[in-house]
Amino acid sequence: MTTWTLADRAAKMNPSAIREILKLTDRPGIISMAGGLPSPLAFPLDAFTQACQTVMQRDGAAALQYATSEGFAPLRQAVADFLPWEVDPDQVLITTGSQQALDLIGKVFLDRGSRMLVEKPTYLGALQAFAPQEPIPVGVDSDDDGILVEDFATKAGTGADKARLAYVLPNFQNPTGRTMAEARRQALVDKARELGIPLIEDNPYGDLWFEQPPALPLAARNPEGVIYLGSFSKVLAPGLRIGFLVAPKSVYNKLLQAKQAADLHTPGFNQRVVSEVIKDGFLDRHVPTIRAMYKRQRDAMLAALEREMAGLDVQWTRPVGGMFLWVRLPKGMDAQKLLPAAVERGTAFVPGAPFYADEPQANTLRLSYVTVSAEQIDKGIAALAAAIRSTM
């Protein structure tokens with residue numbers, strides 16, 4: 001009988017709490033505010049149809065051939081051009097979604113027992129991507145303006161226990177929807193530089209602002225001390241799996257080597273199609289339509305929460321962009337235990353505890369407003385309020 005022996009790191013690999021919940025909610029009649037999926041109504045189908053035809057007619061053989069690991073040169077140039085600081089295209093690495101960028105960073109910079117700092121709460125997918133390297137993630141206290149720099153310094157560690165890196169999402173954070181304030185960004189960059197701690201800036205949602213664009217990225221303030229992650233998933237289509245990272249030249253080659261070992265290169269056809277779609281300022285015309293749609297749905301959710309949660313000790317964030325908002329239930333209530341009652345009433349959310357690296361707060365949950373209509377939002381929030389009242 002064959003015996004399969006798992007590596008120790010395999011024990012650190014666990015199923016995504018979100019994807020497990022989506023299995024529960026993937027049935028007729030459920031209004032799901034759980035997923036982190038962009039709205040398919042935002043996908044520019046006609047533009048992709050035309051771009052696919054153009055790519056195949058113009059360079060079909062090259063698009064279907066193996067390609068360079070760094071990425072399609074015109075796409076790397078386009079990324080460098082639209083970032084708001086001076087970036088050499090040779091610093092841009094095209095990845096298979098920004099999720100792969102997290103995986104590469106974990107492989108290159110983290111060892112078993114490495115201390116790393118993350119926000120409280122943080123993106124669950126990042127915790128999963130880093131977990132196989134068996135680091136020790138440490139949550140840093142945060143408020144509505146982002147990570148608290150004083151707590152960052154306190155938890156940075158010293159000597160062999162000094163944090164290898166800090167992972168942050170400054171813009172419309174997943175899961176809370178909060179945005180790091182200008183003063184907080186500069187203070188964090190200054191403190192990280194002083195302590196010698198590299199920052200990983202994840203920015204998949206930064207273009208989805210509603211009233212005004214967010215403040216200057218962390219990477220623009222200290223390009224040598226920050227690795228910047230971006231994605232085309234939220235502004236074009238997630239199924240293409242096109243993301244990118246911008247790294248200091250001092251570490252770029254190691255990330256490239258990890259990329260080569262992982263998958264040789266991101267699909268060349270997909271890269272060429274994205275490059276074709278975004279040429280001639282397409283994103284400048286297309287992204288505002290996404291912002292307008294998501295803003296309407298955010299407004300609908302905020303209005304529904306105000307109406308339906310009246311009299312309940314429930315709090316929530318008020319995002320100024322992105323796809324999510326964060327709800328804090330009455331003290332002592334467990335969102336995981338609340339979920340079945342919500343599903344029974346026809347709605348679903350993601351419990352907040354899995355988003356914490358440590359000290360999980362069970363009375364929190366994440367809602368997404370981008371794949372549900374205003375009418376569905378009204379019904380879903382009413383059902384959520386009814387579930388909360390039923391468990392009090």
Side-chain angles (χ1 to χ4, degrees), residues 44 47-110 125 129 132-133 198 200-204 206-207 217 219-220 223-224 226-283:
F48 275 115
T49 299
Q50 182 60 52
C52 287
Q53 293 174 346
T54 299
V55 168
M56 290 305 295
Q57 290 168 2
R58 186 180 59 209
D59 352 82
L64 300 178
Q65 184 56 279
Y66 284 117
T68 60
S69 299
E70 292 88 342
F72 185 49
L75 183 58
R76 297 169 70 205
Q77 182 68 60
V79 169
D81 289 344
F82 69 61
L83 292 173
W85 75 98
E86 185 174 347
V87 172
D88 187 330
D90 287 343
Q91 295 176 261
V92 178
L93 178 62
I94 304 299
T95 58
T96 307
S98 61
Q99 191 70 21
Q100 184 186 53
L102 294 170
D103 178 69
L104 301 180
I105 288 166
K107 289 174 178 175
V108 169
F109 295 106
L110 298 175
Q133 313 312 320
I200 310 301
E201 180 178 16
D202 198 356
N203 188 31
D207 290 321
E224 293 304 309
V226 182
I227 296 176
Y228 179 91
L229 278 56
S231 173
F232 290 99
S233 292
K234 308 306 186 292
V235 295
L236 288 178
L240 293 170
R241 309 309 301 130
I242 302 293
F244 60 88
L245 64 80
V246 179
K249 292 183 178 180
S250 58
V251 297
Y252 181 92
N253 283 338
K254 279 300 173 186
L255 291 163
L256 174 60
Q257 291 163 17
K259 167 73 174 173
Q260 291 168 340
D263 65 355
L264 300 183
H265 63 83
T266 296
F269 177 79
N270 293 8
Q271 293 188 62
R272 289 169 182 264
V273 168
V274 168
S275 181
E276 180 68 22
V277 167
I278 67 174
K279 72 177 186 179
D280 301 327
F282 176 80
L283 290 176

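Only heavy atoms go into these numbers, but all of them, side chains included; no hydrogens, no water, no symmetry mates.
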Less than 4.5 Å apart, side chain to side chain, heavy atoms only: is that true for [X] and [Y]?
X	Y	value
F109	L255	yes
I278	L75	yes
L83	V92	no
P223	Y228	no
L236	F282	yes
P217	P84	yes
V55	F269	yes
V274	L240	yes

State, to 0.1 Å, how close [X] and [Y] come at their nearest heavy-atom pair, and which atoms those are.
X	Y	result
A262	L104	CB-CD2, 4.4 Å
L245	A101	CD2-CB, 3.9 Å
D263	Q100	OD2-NE2, 3.0 Å
G230	S98	O-CB, 3.6 Å
A62	R272	CB-NH2, 3.6 Å
A129	L102	CB-CB, 3.8 Å

Any donor and acceptor pair, going by atom type alone, linking the side chain of [X] with main-chain N or O of [Y] inside 3.5 Å?
X	Y	value
Q99	G125	yes
S69	H265	no
N203	G206	yes
E70	L93	no

Check the pair K259 / T266 against side chain to side chain contact (heavy atoms under 4.5 Å, CB included), numbers first and verdict last.
CA-CA 9 Å; K259 167 73 174 173; T266 296; 2.6 Å; yes

Straight-line distance of [X] [atom1] to [Y] [atom2], nearest 0.5 Å:
X	Y	atom1	atom2	answer
S275	R76	OG	CZ	12.5 Å
T54	D59	OG1	CG	9.5 Å
L229	T95	CG	OG1	7.0 Å
F82	D207	CZ	CG	7.0 Å

Option from Q53, Q50, R58 for which side-chain hydrogen bond (donor to acceptor under 3.5 Å, both in side chains) with E276 holds:
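When Q53, Q50, R58 are each tested with E276, the side-chain hydrogen bond (donor to acceptor under 3.5 Å, both in side chains) holds only for R58.
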
Side chain to side chain contact (heavy atoms under 4.5 Å, CB included), that's the test. Do V108 and V251 meet it? Break it down for me.
CA-CA 9 Å; V108 169; V251 297; 5.9 Å; no

